[in-house]
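First up is the structure itself, then whatever we jot down about it.
If you're wondering where the values come from, they're calculated on a predicted model, not measured in any experiment.
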Amino acid sequence: MQVQDVGCALVCALAWHPAGQAAMLKQPEVKSGEAVKAVKQALDRHPHQPVVQRHACMALWKLVSLSPSVQKQIVPEGAAGSLLKTIDRHKDNEDVCAAAAGALLASALGNERVQDELTKLGAQKSVKHVLSTHNSINFHGEFDGLRAWLKHSKKSSIKSKKSRE
């Protein structure tokens with residue numbers, strides 16, 4: 001458990017910095033989908049460990065934010081389904097739900113094909129439930145471009161407050 005948790009945390013740390021992002025995009029494991037598969041395995045192997053779940057969701061969020069080619073891997077590699085299971089299992093844990101919802105939203109952002117695939121899985125309904133249940137979650141406008149997509153599953157509740165510095 002600890003190895004996968006630390007690995008997911010390292011992916012997050014690397015992906016926060018532009019130099020780390022550039023280095024990650026050069027890795028064959030990121031391009032091939034192996035990195036997404038590895039993080040999905042962490043989600044699947046440790047379903048009742050909130051810290052691992054949160055780090056894995058954040059790692060997926062950062063990975064799909066790297067490039068459209070990585071973004072397209074989220075559904076075929078099964079990671080989107082694992083994210084939805086995480087939301088269901090940890091529905092009372094705001095940190096885990098925020099990370100999972102963020103990963104799903106980042107996957108959908110600017111990619112209509114991925115949006116269609118996520119729609120078939122019921123991702124909009126899950127994300128909207130997270131946002132309505134955990135009122136303090138605020139993505140600071142990062143996903144405002146997804147308002148219309150979220151409305152396909154009734155009323156949207158993404159908060160559009162500006163980022164705090």
Go through the steps for Leu146 and Gln115 under the test side chain to side chain contact (heavy atoms under 4.5 Å, CB included), then give the verdict.
CA-CA 9 Å; Leu146 292 172; Gln115 289 173 18; 3.5 Å; yes

Is Val39 reachable from Leu25 through a run of hydrophobic residues whose side-chain heavy atoms are each under 4.5 Å from the next?
yes

For Thr86 and Ala100, work out which heavy atoms get closest and say how close.
CG2-CB, 4.4 Å

Between NZ of Lys62 and CG of Leu60, what distance do you get to the nearest 0.5 Å?
12.0 Å

Which residues share a salt bridge (Lys or Arg N to Asp or Glu O under 4.0 Å) with Asp44, sequence neighbours left out
Lys40

Show the nearest heavy-atom pair for residues Leu84 and Gly122, with the distance to one decimal.
CD2-O, 4.5 Å

Suppose we screen for side-chain hydrogen bond (donor to acceptor under 3.5 Å, both in side chains). Which residues come up paired with Thr133, at least two apart in sequence or across chains?
His129

Residues that Gln41 engages under side chain to side chain contact (heavy atoms under 4.5 Å, CB included), provided they are two or more places apart:
Gln4, Arg45

Atom pair NE2/CD of His90 and Gln49 - distance to nearest 0.5 Å
8.5 Å

Verdict with reasoning, Val30 to Val36, per side chain to side chain contact (heavy atoms under 4.5 Å, CB included)
CA-CA 7 Å; Val30 172; Val36 170; over 6 Å; no

Exam field: side chain Arg89 to backbone Pro47, donor-acceptor pair closer than 3.5 Å
yes

Which residues share a side chain to side chain contact (heavy atoms under 4.5 Å, CB included) with Ser69, sequence neighbours left out
Ser67

Partners of Lys37 by side chain to side chain contact (heavy atoms under 4.5 Å, CB included), sequence neighbours excluded?
Glu34, Glu77

Report all side-chain donor-acceptor pairs from residues 102-111 shorter than 3.5 Å, counting only partners two or more places apart or in another chain.
{"from": "Ser107", "atom 1": "OG", "to": "Ala103", "atom 2": "O", "distance (Å)": "2.7"}
{"from": "Asn111", "atom 1": "OD1", "to": "Arg113", "atom 2": "N", "distance (Å)": "3.2"}
{"from": "Asn111", "atom 1": "OD1", "to": "Val114", "atom 2": "N", "distance (Å)": "3.1"}
{"from": "Asn111", "atom 1": "ND2", "to": "Gln71", "atom 2": "OE1", "distance (Å)": "3.3"}

Rounded to the nearest 0.5 Å, what's the gap from CD on Glu112 to OG1 on Thr119? Could you check?
10.5 Å

So which atom in Pro50 and which in His48 form the shortest heavy-atom distance, rounded to 0.1 Å?
CD-O, 3.3 Å

CA sep, side-chain torsions, deciding dist, call: Arg54, Asn93, side chain to side chain contact (heavy atoms under 4.5 Å, CB included):
CA-CA 10 Å; Arg54 183 172 151 269; Asn93 186 318; 5.8 Å; no

Side chain proximity check, Cys57 to Leu83, heavy atoms < 4.5 angstrom:
yes

Rounding to 0.5 Å, atoms CG (Leu66) and CH2 (Trp61) come to a distance of 13.5 Å

Hey, quick one: are Met58 and Leu10 part of the same hydrophobic cluster, counting side-chain heavy atoms closer than 4.5 Å, chains of contacts allowed?
no

Hey, quick one: are Leu150 and Ile137 part of the same hydrophobic cluster, counting side-chain heavy atoms closer than 4.5 Å, chains of contacts allowed?
yes

Any sub-3.5 Å donor-acceptor pair from His134's side-chain atoms to Ser136's backbone N or O?
no

What do the steps show when you test Leu43 against Gln53 for side chain to side chain contact (heavy atoms under 4.5 Å, CB included), and what is the final call?
CA-CA 6 Å; Leu43 283 172; Gln53 296 290 294; 3.5 Å; yes

Rounded to the nearest 0.5 Å, how far does OG of Ser126 lie from CG of Leu121?
9.5 Å

Distance (rounded to the nearest 0.5 Å) between Asp144 CG and Arg147 CZ
4.5 Å

May I ask you to check whether Phe143 and Trp149 place their ring centers less than 6.0 Å from one another?
no

Taking every heavy atom of His17 against every heavy atom of Ala19, the minimum-distance pair comes out as ND1-N, 3.0 Å

